[in-house]
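The chain is numbered in sequence order, starting from 1. FYI, side chains are in, hydrogens and waters are out, and symmetry mates aren't considered; it's all heavy atoms of this structure.
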Amino acid sequence: MSETSKTVAVIEGDDASPEVIQPAVELIDQMNLGINWTYPAVGEAAKAETGKSFPDVSRVMIDEADTTLFGSSSGSSGASLFYLRWGKQTFANVRPCLHLPGCSSPLAHPEGIDFVIVRENLEDLYVGVEGPLADLTPLNLVGRTIRKPIHELGEGRYAIKVITRQGSERVIRFAFELARTRGGQKRVTSTQKHNMLPATDGYFLEIAREIASQYPDIDFETFIVDDFACRMIIQPQHFDVIVMPNLYGDILSDGAAGLVGSLGLAASGCYGEDYAYFEPAHGTAPDIAGQGIINPTATLLSACMMLEYLGFGDAAARLQGAVASVYAEGKHLTPDQNGTASTLEFCAATAQRLGIHMP
Ligand code: IPM
Ligand code: MG
């Protein structure tokens, strides 16, 4: 291995997910960047072998790799996903929304859509504290709107939403730095429900304003999240980098994928201080598993983000250009994009543009 060689841990995921991860890895391998691939066993396969769905040896393989390429998980590989997020503290989930000419979008004028959602990836309702309302009785919490102790509402459940200063500062700063470097409109939009949730989302906005004042070269604006959802659909070209708490980011990034065609196009990368991992934003597509027709675009574009992160910027640009040119030509698109090509045909067409032969 040369000194510059990188190691990527690959978790192929469940259902139709391996059908896109395997050819994507093969394609990148053929680009001869000297990447060393390792395969931590997780999920059902790991359980059968070791009795655990996320054995220590797999965790160590993730730790020892420079990054992880993760397929989609349907549950049994969930522990490894949680480790990649909370264990590795990958706090910024970056989800680009880019219109590729030739893709089939439901919009009449999708041209020029090029924005990035930066989703806080670890807090908000995702801290995972939920339970029966009765547990809250000793706290005697009075709801601001309902004006009575919430345990008096009778049988029910609660979930806790957490917005911390550190968690918000780091993701908002990440969004401003991204706006500086990505060569877009140099605009950061923050979105949250600060009117209804002043203590939590209002805090997120307060911190966004503080950080915005440290970036006078970047335009800053904010919208309440419901208003934002409408603007994102009506005028998507207006946006550049949009930062938001976790749950809104989960929902709106799928919505954004719909603007440019489908979830099959939505790339995603989760970045922390000293680790990042990459995964398509879509799920495992169990309805089409085994048919070989899942759209590999989201995985290939996530792989572009991964190559960029690993320091292979030129290769990332070439791969992205090749995918874009497959759309521009329009002859090798998968059924979700109104084509008839298989996953492997799409990948082979991409490879051909890179001067690579896929077996
Ligand atoms: C995503 C997914 C995950 C999330 C699930 C699988 C836990 O929807 O990456 O967007 O909610 O973050
Ligand atoms: Mg999601």
Side-chain angles (χ1 to χ4, degrees), residues 1-14 17-95 119 121-122 126 128 166-167 170-171 174 267-281 284 296 298-316 319:
M1 263 194 302
S2 76
E3 307 161 44
T4 54
S5 81
K6 302 284 185 190
T7 299
V8 176
V10 180
I11 294 176
E12 294 184 346
D14 308 311
S17 178
E19 297 168 37
V20 276
I21 297 291
Q22 286 163 5
V25 167
E26 194 165 319
L27 178 52
I28 297 164
D29 196 51
Q30 297 286 324
M31 290 175 87
N32 287 327
L33 303 169
I35 293 176
N36 171 38
W37 309 94
T38 60
Y39 290 84
V42 303
E44 293 306 334
K47 211 167 183 178
E49 235 175 78
T50 68
K52 287 184 179 168
S53 62
F54 186 42
D56 289 351
V57 56
S58 297
R59 183 179 42 73
V60 170
M61 283 166 91
I62 289 174
D63 289 347
E64 285 177 350
D66 293 287
T67 185
T68 294
L69 180 63
F70 190 86
S72 319
S73 147
S74 69
S76 71
S77 46
S80 55
L81 177 69
F82 285 12
Y83 180 67
L84 285 162
R85 291 195 187 179
W86 287 276
K88 304 305 275 179
Q89 288 287 296
T90 50
F91 62 84
N93 181 194
V94 175
R95 297 195 155 169
R119 160 191 182 191
N121 210 27
L122 306 175
Y126 278 65
Q166 190 214 15
R170 63 188 180 181
V171 75
F174 186 100
S268 174
C270 299
Y271 300 78
E273 297 297 347
D274 51 19
Y275 203 85
Y277 83 96
F278 300 85
E279 56 174 347
T284 63
T299 299
L300 292 172
L301 296 181
S302 304
C304 290
M305 295 169 76
M306 179 185 85
L307 292 177
E308 178 90 50
Y309 172 75
L310 291 175
F312 300 118
D314 286 352
L319 179 55

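Residues Cys270 and Glu279 have side chains in contact (heavy-atom distance under 4.5 Å, counting atoms from C-beta outward). Using a 4.5 Å cut-off on side-chain heavy atoms (C-beta onward), Leu27 and Gln22 make no contact. In this structure, Ile11 and Pro40 have side chains that are in contact, with non-hydrogen atoms separated by less than 4.5 Å. Phe54 is listed as a side-chain neighbour of Ile62, based on a closest heavy-atom distance under 4.5 Å.
For Glu273 and Gln89, the side-chain atoms include no donor-acceptor pair closer than 3.5 Å. In this structure, a donor-acceptor pair under 3.5 Å is absent between the side chains of Thr90 and Arg85.
In this structure, Leu300 CG and Met306 CE are separated by 10.5 Å, a value rounded to the nearest 0.5 Å. Taken from CD1 in Ile35 to CD1 in Ile28, the straight-line distance is 6.5 Å, to the nearest 0.5 Å. To the nearest 0.5 Å, the span separating CD on Glu26 from CH2 on Trp37 amounts to 11.0 Å. Distance CZ/Phe278 to CG/Leu310: 7.0 Å, rounded to 0.5 Å. To the nearest 0.5 Å, the span separating CD on Glu308 from CG on Asp314 amounts to 9.5 Å. Distance check: Leu122 CG to Gln166 CD gives 9.5 Å after rounding to the nearest 0.5 Å.
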query = Passes side chain to side chain contact (heavy atoms under 4.5 Å, CB included), Asn36 versus Val8? Steps please.
reply = CA-CA 6 Å; Asn36 171 38; Val8 176; over 6 Å; no
message = Let's go through Arg59 and Glu64 carefully: what are the C-alpha distance in whole Å and the side-chain angles of both, what is the deciding distance for salt bridge (charged side-chain N to carboxylate O under 4.0 Å, His left out) to 0.1 Å, and is it a yes or a no?
response = CA-CA 9 Å; Arg59 183 179 42 73; Glu64 285 177 350; over 6 Å; no
request  = Could you go through the ring pair (Phe, Tyr, Trp, His ring centres under 6.0 Å) check for Phe91 and Tyr271 one step at a time?
outcome  = CA-CA 6 Å; Phe91 62 84; Tyr271 300 78; 9.0 Å; no
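Of the possible polar contacts, one joining the Asp14 side chain to the Ser74 backbone as a donor-acceptor pair under 3.5 Å is found. Although no hydrogens or angles enter the test, the distance criterion places no donor-acceptor pair under 3.5 Å between the side chain of Thr68 and the main chain of Phe70. Side-chain N or O atoms of Thr50 include none that pairs as donor or acceptor with a backbone N or O of Lys47 at under 3.5 Å. No donor-acceptor pair under 3.5 Å is formed between the side chain of Thr299 and the backbone N or O of Pro280. A donor-acceptor contact shorter than 3.5 Å links the side chain of Asp66 to the backbone of Thr7. A distance-only check finds a donor-acceptor pair linking the side chain of Asn93 to the backbone of Gly269 [under 3.5 Å]. Judged by distance alone, with hydrogens and angles left aside, the side-chain atoms of Ser268 form no donor-acceptor pair with the main-chain N or O of Arg95 at under 3.5 Å.
Smallest separation of non-hydrogen atoms from Ala276 and Thr67: O-OG1, 2.7 Å. Between Tyr275 and Ala65 the shortest heavy-atom distance is CE1-O, 3.5 Å. When all heavy atoms are compared, the tightest approach of Ala315 to Met31 is O-CE, 3.6 Å. The nearest pair of heavy atoms linking Ala267 to Ser302 is CA-OG, 3.3 Å. Across Ser72 and Thr284, no two heavy atoms sit closer than the pair O-CG2, 3.3 Å. Of all the heavy atoms in Ala316 and Cys304, the pair that sits closest is CB-O, 3.3 Å.
Around the CG atom of Asp63, the shell of radius 6.0 Å holds more than 12 heavy atoms that belong to other residues, nucleotides or ligands. Within a 6.0 Å radius of OH in Tyr39, other residues, nucleotides and ligands contribute more than 12 heavy atoms.
A cation-pi arrangement, defined by a distance under 6.0 Å to the six-membered ring centre and an angle within 45 degrees of its axis, is present between Arg119 and Tyr126.
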